[in-house]
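Beneath this line is the structure, given in structure tokens, with notes to follow.
All residue numbers in this chain count up from 1 along the given sequence. Because the structure is predicted, anything quoted here is derived from the model rather than measured.
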Amino acid sequence: MSMAVVGLVAGMALGFAGYFGGFGAFLLVAALGAVGFVAGRFLDGDLEPGDLLRPRDRDRGRDGRRG
């Protein structure tokens, strides 16, 4: 399934949730969609558990020291 079709289905689901359930349902569907997306990335092997828990060290140099 192409990413365009996935985006279309997700947009339609959010639209229906917003129309029939209100803004709270819209947020719930969006949050559960994000959780499902992350879980899918884990299952595909594109994302490791430590990627979300480890802080990024942006201020470290190439040799690993701060500065």
Side-chain angles (χ1 to χ4, degrees):
M1 185 180 297
S2 72
M3 292 305 290
V5 173
V6 172
L8 174 68
V9 171
M12 289 176 63
L14 288 172
F16 279 119
Y19 183 77
F20 291 112
F23 188 68
F26 174 82
L27 290 178
L28 179 65
V29 170
L32 291 176
V35 168
F37 175 76
V38 171
R41 295 292 298 251
F42 276 125
L43 293 175
D44 283 343
D46 294 336
L47 193 62
E48 297 292 325
D51 292 344
L52 297 176
L53 304 174
R54 242 184 334 224
R56 291 187 178 178
D57 293 331
R58 294 182 184 188
D59 57 346
R60 288 187 183 231
R62 294 183 110 167
D63 57 357
R65 290 183 285 171
R66 293 188 180 252

Indicate the atoms forming the closest heavy-atom contact of Ala17 with Ala25, along with that distance. O-CB, 3.6 Å

Residue list, side-chain contact (heavy atoms from CB on, under 4.5 Å) with Val38, at least two apart or on another chain: Phe42, Leu47, Leu52

Hydrophobic cluster partners of Leu27 (side-chain heavy atoms under 4.5 Å): Leu14, Phe23, Phe26, Val29

Just to verify, what does Leu8 make a side-chain contact (heavy atoms from CB on, under 4.5 Å) with, not counting sequence neighbours? Met12

Please name all residues satisfying side-chain contact (heavy atoms from CB on, under 4.5 Å) with Tyr19, sequence neighbours left out, ordered by chain then number. none

